[in-house]
Amino acid sequence: MALSARKAAPSRRKAPASSPHASRAALREMQEALERGEFVYDYQPKVSMISGRLSGAEALLRWRRRDGSTTYPGDFIPLAESSGFITEITTRMLPRLAEDVARLRAVRAGLVVSFNASARDFEAPRFVAALFRLFDRGLLGPAEIEVELTESAALAGKPALVEQLLRLRGRQVAVAMDDFGSGYASVDALSRLPFTSLKLDNGVVRRMHASDKDARIVLSNIRLAHNLGFDVVAEGVESEITYYKLQQSGCSHAQGYWIGRPMPLEAFLAFAAAGQTWPEGVIGMVHMATLDHLEWRKFLLDRLLLFKRLGLALTDDDLRHCQISAAQCRLGHWYDGPGRQLSGLPEYAELGRVHAALHDCARNIFHLLNADATSAQIATSIRTLSEHSVRVIASLQSVEQAILATSLDATK
Ligand code: C2E
Ligand code: CA
Ligand code: CA
């Protein structure tokens, strides 16, 4: 049986291939379609919830047949994957992707286009080699794209997958774990594979406005990703309320019907050129920074106690591990990174000052420890550290108040 049209939606074709014979016919049809150039990418916008601006798009594969109907990935990717033909598609689509990205670049610079790769694409070096050829010929920049790999693919991670992902990372290509939260043991895959960002699963995100538990799962996943230093993209953002909830939870990017549906390239070029904006906000980030600070302090005090108990000397490596410099800790990263957006506020400058003083104090405690200071001297310094910490938290709250005041003014 060949891939046939769905009755209820004539413009949308489905591909049920149940018997081996049907599968062979369907595969042949797919091969011919690829030859004829019937596969194209639609683009779904992604926005930065921090700046409220378009940050890129996800390229989603579509089979546009000559009769004008469209077959969606759910109806042909499973067969393409099980037969291994997917790598032919992924690799042969790369020049097309590079052309699309070039057209997008001409309209608006600095956007990042992500595309989906299957675990099968990483079983041999072919796909990564084809991508690198595009880089080497100057047709595509490594910073212009991101590769998305589904969680289940990552879970089935074979040594070849890890090797190919590391090759990608070697050229600074961003790699996202797709559908995070939809499977099991994904936390394990996070530590084994070199991801740079996490895409929260569509389903959980869509349910978060109706279910408190789902909202908490999303919040915990955002925190987990943040702790591991990943960017977080929430998929399936279908309403303004979900957008705000995610923003308040410290999520950095959003994708979903509320922002824009997947659209053909021409439509996406117009969308990108229009320069639409969405609500910007860093309140969730300030909350994350506060938690970062509390965790940093806890980690530092735990280490101090351990070293004192074991009578160990602290090395430069230990100091780095304790993120002793203000620029190294996660709060510092935020301050010098996305937090810069707040540099117009006097509260932001004040936070920088109290944060630097806190780290000076921490460094001083470590010196005391190495100089065999008495327990009483160390206890006094720890008290001083706590006072600095209270100032940092108060300062973060002042920043939060200032942002809230500005937001409330804007909604008057
Ligand atoms: P995905 O990577 O998780 O892509 C997101 C899917 O969610 C897309 O479905 C998109 O249209 C849909 N979506 C986006 N925002 C919303 C929303 O707000 N609400 C709802 N209900 N859905 C939303 P699509 O295009 O049908 O793709 C389905 C899957 O097919 C993709 O899931 C991906 O796993 C796979 N796929 C798509 N393109 C490719 C490709 O080029 N290569 C491979 N290997 N897989 C692909
Ligand atoms: Ca994806
Ligand atoms: Ca996904």
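As the structure lists them, so they are numbered: ligands from 1, and atoms in each ligand from 1. Residues take their numbers from the sequence shown, with the count starting at 1.
Not a single heavy atom of M93 sits closer than 4.0 Å to an atom of ligand 1. At a 4.0 Å cut-off, at least one heavy atom of R206 sits close enough to ligand 1 to count as contact. In this structure, R261 falls outside the shell of residues with a heavy atom less than 4.0 angstrom from ligand 1. The shortest heavy-atom distance from Q255 to ligand 1 is not under 4.0 Å. Using a 4.0 Å heavy-atom cutoff, W258 is absent from the residues neighbouring ligand 1. In this structure, I77 is part of the shell of residues with a heavy atom less than 4.0 angstrom from ligand 1. For G236, the closest heavy-atom approach to ligand 1 falls below 4.0 Å.
Between Q44 and L60 there is a side-chain heavy-atom pair separated by less than 4.5 Å. With contacts defined as side-chain heavy-atom distances shorter than 4.5 Å, the pair S239/T242 qualifies.
Note that R65 lies in the cation-pi zone of W63, set by a 6.0 Å cut-off to the ring centre and a 45° limit from the axis. Both tests do not hold together for R96 against F39: distance to the six-membered ring centre under 6.0 Å, angle to the ring axis within 45°.
Atom numbering of ligand 1 starts at 1 in the shown order; those under 4.0 Å from a heavy atom of E58 are 2 (O), 4 (O). Heavy-atom contacts of D179 reach the following atoms of ligand 1: 3 (O) (cutoff under 4.0 Å). Within the listing of ligand 1, atoms 15 (N), 18 (O) sit less than 4.0 angstrom from a heavy atom of G256. Ligand-side atoms of ligand 1 in range of P262: 11 (O), range being under 4.0 angstrom from any heavy atom. Each of the following atoms of ligand 1 lies closer than 4.0 Å to a heavy atom of Y41: 41 (O). For ligand 1, the atoms lying closer than 4.0 Å to a non-hydrogen atom of E238 are 17 (C), 18 (O), 19 (N), 20 (C), 21 (N).
Between R120 and E123, at least one side-chain N (NZ, or NE/NH1/NH2) sits under 4.0 Å from a carboxylate O, which counts as a salt bridge. Under a 4.0 Å N-O distance rule, the pair R133/D136 does not qualify as a salt bridge. Taking the charged nitrogens against the carboxylate oxygens, D317 and R320 do have a contact shorter than 4.0 Å, which makes a salt bridge.
Between OD1 of N116 and OE1 of E148, the angle at the Ca ion (ligand 2) works out to 100°, rounded to 10 degrees.
Remark: among candidates Y72, Y257, F39, the nearest residue to atom 17 (C) of ligand 1 is Y257, based on non-hydrogen atoms.
Heavy atoms of other residues, nucleotides or ligands lying less than 6.0 angstrom from CZ of R53 number 12 at most.
For E235, the N, O or S atom with the smallest separation from the Ca ion (ligand 3) is OE1. When distances from the Ca ion (ligand 2) to the N, O or S atoms of E58 are compared, OE2 comes out shortest. Looking only at N/O/S atoms, D178 comes nearest to the Ca ion (ligand 2) through OD2.
Of all heavy-atom pairs between T90 and N116, the closest is CG2-O, 4.3 Å. Taking all atoms of both residues into account, the shortest heavy-atom contact from R330 to N227 is NH2-OD1, 3.0 Å.
At a heavy-atom cutoff of 4.0 Å, ligand 1 is contacted by no atom of I89, backbone or side chain. When non-hydrogen atoms are compared, ligand 1 lies under 4.0 Å from the side chain of N202 (C-beta onward) but not from its backbone.
Ring pair F127/F122 is perpendicular by interplanar angle, where above 60° counts as perpendicular and below 30° as parallel. Using cut-offs of 30° and 60° for the angle between ring planes, the F268 and F271 rings count as parallel.
Taking backbone and side chain together, D179 holds an N, O or S atom under 3.0 Å from the Ca ion (ligand 3).
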